[in-house]
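For reference, the structure is listed below as structure tokens.
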Amino acid sequence: MSRYNAKATEAKWQKIWTDGKTFKTENTSDKPKYYVLEMFPYPSGRVHVGHVRNYTMGDVVARYRRAQGFEVMHPMGWDAFGMPAENAAMERKVHPADWTYDNIANMREQLKNVGLAIDWDRELATCDPEYYGQEQQIFIDFFNAGLIYRKESWVNWDPVDNTVLANEQVIDGKGWRSGAEVERRQLSQWFLKITDFADELLEGLGSLDRWPDKVRLMQENWIGRSEGLKFNFEIVDAPDGIDTKLPVYTTRPDTIFGASFCAISADHPVAAALAENNPEIAAFIEECRQMGTTEEAIEKAEKKGFDTGLKVYHPFDKSWELPVYIANFVLMDYGTGAIFACPAGDQRDFDFATKYKLPILPIVLPTGEDAGAYELGEEPYLGAGTMINSRFLDGMDTKDALAAVIDRAEDEGWGERTVNFRLRDWGVSRQRYWGTPIPFVHCDDCGVVPVKSEDLPVKLPDDVSFDTPGNPLEHHPTWKNTTCPKCGKPARRETDTMDTFVDSSWYFLRFCTPEADEPFDTDVVNEWMPVNQYIGGVEHAILHLLYARFFTRALKKVGRTNVEEPFEGLFTQGMVNHITYKDSDGEWVFPELIRKKDDGSLFRSDSGLSVSEGRVEKMSKSKRNVVDPDDIIDQYGADTARWFVLSDSPPERDLLWTEAGIEGAWRFVQRIYRMVEEPSIALAPVDSAVPESLEGPALELRKTTHKTIKGVTTDIENLHFNKAVARLYEFANAISGAKEADGMAEVLREATETLILLVGPAMPHLAEEMWAKLGHDTLVANTAWPQAIEALTVDATVKMAVQVNGKVRDTIEVAKDMDKQAIEAMALDLANVKKFTDGNTVRKVIVVPGRIVNIVAN
RNA sequence: GCCCGCAUGGUGGAAUUGGUAGACACACAAGACUUAAAAUCUUGAGAUCGUAUGAUCGUGCCGGUUCGAGUCCGGCUGCGGGUACCA
């Protein structure tokens, strides 16, 4: 029995595709266009199995669409700026550029071995000056359109290393290298006005019907549009230097009579003003700043407040004064940075009121409760009901009360109905080297001035040092010295670089015309965009996807495209998990070191120590539960790896990587090889026609063939690759079982060729090899997708389950169009049914044609 | 904390979207072939009781809607993703 040699065969076909420029994409093609894109990788150094999964899914779509006659664009690039390159520079004394380009070279080689149908001529890396220079041009366009501004904003500050830390670098409130308590500090930074597009970005979600509902919902909640009341509290005897008006925003104006205090953010101007003359307040504000900037850290921190001594008048009653607290849970970035609190209707306010012994007055009576007897327990009541203790609102429904308060505020002129968004403007400044330099110059006379377009790109200097913490661009002896583009006098370059999310917010446009000496050719982009199918991890559900949507709209606004939404179809794939192993010393062990003893127990091949299995977890270097795709491809070939990552797990869910699974895939590869090399009966010659009249097993196999074409096509359309795989296994089983019969030689050829074409997108090398063996001198990559003959995909009869009182008791085979009465009569007459209906009265019979009969009898 | 998911045999999962739960695969067991091993082929299997025909139970937990619930609704538990400077 001969064996399929994956390694040699795969290399052969990859060379044929490359030499023949098989996957070169033409911008000028007459064919309909289809743009498939997977989220481009960060060049970390090695390709991960998660990458293989992601790019294989995209490749199946690309090859399938190609077979359907589309001009497919399927490009690849590198999200190449970011912190790991700087960390490598600090730890291993390599230049970030060398580290990054080496990684790219390695990963490109690895990806090429996967056999992806990619047009490598379009490859780009975001750290190429040709790329980031165009990004700087876009930045200036946005600046000129008023979409960019500077403001003071908070960063994590490491007081020992004197450097800005990323959230990731803050561990339990401490700097990851220095171990110092992190504080928040303000810096002047660059912002993009994404909030100008809040409404559009929210409404645009409605048109994205090929996006997962969960992603749309997450984005909707992130944008967080709310309607509420904005009004000013009047401060009682406001001290000098403090405005008498304290603006607040609330989404629950109906709870205004349950108000028991006001709370302002520690970063609120009133707090700052009070701190000037009050060291205690200054100390409290300082304390509030002893933590990182993440929402998680702020929300999870113990709720603390400080009574400022200030009071405000209740808007409906000048004799009612509320105390004003500074509270560590009030965010300066949301609303006005000040709130009124109703402890009876909000958990956080309730906890705070309990802690500081502030009044808790119930104002909503839950539906069904008795007004006289109602008391609030140990918890606030957050639901709807009827207003109580609320003066003119008493007796109203909460919803009506909300409107009534706003109406009253507007009538009396002290407040207004206001739409508010949770979404904040996008801060893009990073105090780091390995990113796109922000193309601006600071001039003492002219202020902040954009670099002239003809002077772009503003290139990063090569000679930088990472010996001292902080921004190497800031430390560089000469780089920041320049002249003002406006007045020509000596001036200083901006040393901040851009958030790497900026780089990934338009790369899909650059792919359309990667050589353009402008960001992209507008006409070509308008032809290709939107991306028809975008595939990537769920972890990008909010930030990356929202920023890319914003960028696309902003680029339309500055006239560079007419595209509104960048991604027509979105698919979010799951992660790849692997079991963990620990040896008897408690060390994590790499899977390739695991060996099995005869009694089934595990040991590690290097030290011989016994090993136990741990939890299944996301593959990570620290847990050592990683598998290198190179090893798999070397041993089994790319097709086996591709087939395995598509099998079993639904693509949106996590995939459990197992050695047994990969072997199963490998066996299937061999099985297909045998089906062509040693078919169960001799195949009819190539190009022979299938006889029109068939019966028996030959007809059955032919029907299976066409049902499979139909099913696999639908599965791939819906990206249900695991179902397509299962269906193809069944098809292979049917083909293997073929026995000599009239017309079978022709039917078996049709079936075998169909199988090859259907597995083609998933296992392209094997498919090409088998296609050639079957006598074809064309490429599968250039062969049309098989068409199902509809008449062969339907059966004349259907099998129906017959239930008595919801339990299946028998099945019947009936003609597809049999009427309900006849089915009912047949069902009632079954012996297995009578056994359960005898002695009972048949009360009801439900017949669902083609599915089920349910007899209710008692 | 908040937002969003997910949970089905020993394992990964399927179930025409409210209609026969467990397709397909992995692992396992028995058998065939083989000097032997590998490979391959055949057969078996959710659990419990039973030799068996079969009966009962069964989709994380508690409750509800329905002739009928893995699927819909309410309440939990556990795990995962995001939380604006990881990408």
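So that the names make sense, note that chain A is the first sequence line, chain B the second, and so on, each numbered from 1. All heavy atoms count here, side chains included; hydrogens, waters and symmetry mates do not.
- Regarding contacts with the backbone of B:rC85, every side-chain N or O of A:R424 stays at 4.0 angstrom or more from both OP1 and OP2.
- Between A:R653 and B:rG12, a side-chain N or O to OP1/OP2 separation shorter than 4.0 Å is absent.
- For B:rG13, neither phosphate oxygen OP1 nor OP2 lies less than 4.0 angstrom from any side-chain nitrogen or oxygen of A:N722.
- Nucleic acid contact for A:F731: none, since no nucleic acid atom lies under 4.0 Å from a heavy atom of the residue.
- Note: A:W657 and A:F644 have perpendicular aromatic rings, judged against thresholds of 30 and 60 degrees for the angle between ring planes.
- Across all strands shown, A:F329 has no heavy atoms under 4.0 Å from either base or sugar-phosphate atoms.
- Judged purely by distance below 3.5 Å, without hydrogens or angles, the side chains of A:T495 and A:E474 pair a donor atom with an acceptor atom.
- Below the 3.5 angstrom threshold, one finds a donor paired with an acceptor across the side chain of A:R432 and the base of B:rC85.
- In this entry the base of B:rG9 is syn relative to its sugar, with a glycosidic angle within 90° of 0.
- With a cut-off of 3.5 Å on both pairing distances, the Watson-Crick and G-U wobble pairs of RNA chain B assemble into stems of 3 or more at B:1-7 with B:77-83, B:10-12 with B:24-26, B:28-32 with B:40-44, B:46-49 with B:54-57, B:60-64 with B:72-76.
- For B:rG13, its base never sits under 3.5 Å from the side chain of A:D648 at any donor and acceptor pair.
- Note on A:G574: nothing from the nucleic acid sits closer than 4.0 angstrom, heavy atoms only.
- Within 4.0 Å of A:N854, counting heavy atoms only, lies at least one base atom of the nucleic acid.
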